[in-house]
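Side chains included, hydrogens not; waters and symmetry mates left out as well; all remaining heavy atoms used. Just so it is clear: chains get the letters A, B, ... in the order the sequence lines come, proteins before strands, and each one is counted from 1.
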Number of protein chains: 2
Amino acid sequence: METKIESLTIGKVARLAEIGVETMRFYEREGLIESPPRRASGYRQYPSDTVDRVRFIKRAKALGFSLREIKELLSLRAAPRTKCTDIRQRALRKIQDIDEKTDTLRRMRKALTKLVAECEGSRPVTECPILASLSTQKEKP
Amino acid sequence: METKIESLTIGKVARLAEIGVETMRFYEREGLIESPPRRASGYRQYPSDTVDRVRFIKRAKALGFSLREIKELLSLRAAPRTKCTDIRQRALRKIQDIDEKTDTLRRMRKALTKLVAECEGSRPVTECPILASLSTQKEKP
DNA sequence: CTAAACCCTGTAGTATGGTACGGGCTGTAT
DNA sequence: ATACAGCCCGTACCATACTACAGGGTTTAG
């Protein structure tokens, strides 16, 4: 134990982030996590914060962001040369995306809550509140 | 013009919901929208509320719900025989999912806002607030 | 020292969610 | 009445995001 610097094998990162080892390598090929240093044997050595990065990827994916979009999100600060105005623009755009998603979730939640209330009141559930709550909203592509 | 009942062709629904005609038929095959009545010619005749249903599908997809999950969401009220307690259970479960997603979005938004603030202050952007804001969160699978 | 568990590269296969024909009727506007 | 957009079905193909080998070297616990 020469260096006590925290470094993890691919398998450990994968277990901590709850994804597969193959997926780790896939993300590396896709440029979502950078190619880590290697031991003499060729084994990857990850810094421990990689786990957070992978968890982030996992969560963002669950929110409907594509790997391409996630890459963009992660690279917002990555390039140190990038003009601040540029970063700002892109970040603001992402915030808009997020606000739209949040709003849709809020409406879905409201609809489901209504459904639950109807069920508790033991009244017949004939109409679909999920649809009803969304029906008036126009989409802005 | 015998019947003034609002009914739309597949193409009209598709245009209104901003998806492709092929996708409409795909969703029908997958059971996400029910097989509508047909004219003598075989042409599908959709009631106008189908547009809302399709828009809902589109939005839910953008939030990371799979078609299977969306089908579940849409069928919560669909089966009138379903026990209320059962519907309630499933709805509550979905609300949990939604709350988790909302929370992640909230944190992402906060991180991006911070990033924007840093850019406005024209300070160097060295750290990645997106990751930082998520790093302390443990995942609950 | 050796066996089990891990890691390596490369390639191939899978699931999901569409998208694009081909070949052929139908509706409608001029 | 005819052209041309729109619809029908069936099948094939596509991108994305994994997932699973095959064939081989490496670590590490006992």
Undergrad: Does Y27(A) or G11(B) map to a spot on DNA chain D nearer the 5' end, using the closest nucleotide for each?
TA: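 Result of the comparison: G11(B).
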Undergrad: Between the base of dG27(C) and the side chain of Y43(B), is there a donor-acceptor distance below 3.5 Å?
TA: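 For Y43(B), whose side chain was compared with the base of dG27(C), there is no donor-acceptor pair (under 3.5 Å).
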Undergrad: Is there a donor N/O on one and an acceptor N/O on the other, under 3.5 Å, for the side chain of E22(B) and the base of dC7(D)?
TA: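 Donor-acceptor pair under 3.5 Å: no.
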Undergrad: Determine, for D97(B) against R93(B), whether the closest basic-nitrogen to carboxylate-oxygen distance falls under 4.0 angstrom.
TA: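 Answer for the salt bridge query: yes.
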Undergrad: What does G20(B) touch in the nucleic acid at a heavy-atom separation under 4.0 angstrom: a base, only the sugar-phosphate, or nothing?
TA: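 Nothing: the residue G20(B), judged by heavy atoms under 4.0 Å, touches no strand.
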Undergrad: Want to settle it: does R25(B) or R29(B) sit nearer the 5' end of DNA chain D, counting the closest nucleotide to each?
TA: R25(B)
Undergrad: Atom CE of M24(A) and atom C1' of dC6(C): how far apart are they, to the nearest Å?
TA: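 Rounding to the nearest Å, CE of M24(A) and C1' of dC6(C) are 14 Å apart.
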Undergrad: Between S41(A) and dC7(C), does any side-chain N or O lie under 4.0 Å from OP1 or OP2?
TA: no
Undergrad: Is R39(B) near enough to dG6(D) that one of its side-chain N or O atoms lies under 4.0 angstrom from OP1 or OP2?
TA: no
Undergrad: Distance check: side-chain N/O of R44(B) vs OP1/OP2 of dC7(D), anything under 4.0 Å?
TA: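 Answer is no, no contact under 4.0 Å.
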Undergrad: Any carboxylate oxygen within less than 4.0 angstrom of a Lys/Arg side-chain nitrogen, looking at E72(A) and K94(A)?
TA: yes
Undergrad: Is it true that the NZ or CZ of K71(B) lies under 6.0 Å from the centre of Y27(B)'s six-membered ring and within 45 degrees of the ring axis?
TA: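 Here K71(B) fails the 6.0 Å and 45° test against Y27(B).
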Undergrad: Would you call D103(A)-R107(A) a salt bridge at under 4.0 Å N-O?
TA: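 R107(A) and D103(A): salt-bridged.
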Undergrad: K12(B) has an atom NZ; how far is it from atom P of dA5(D), in whole Å?
TA: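 Between P of dA5(D) and NZ of K12(B): 16 Å.
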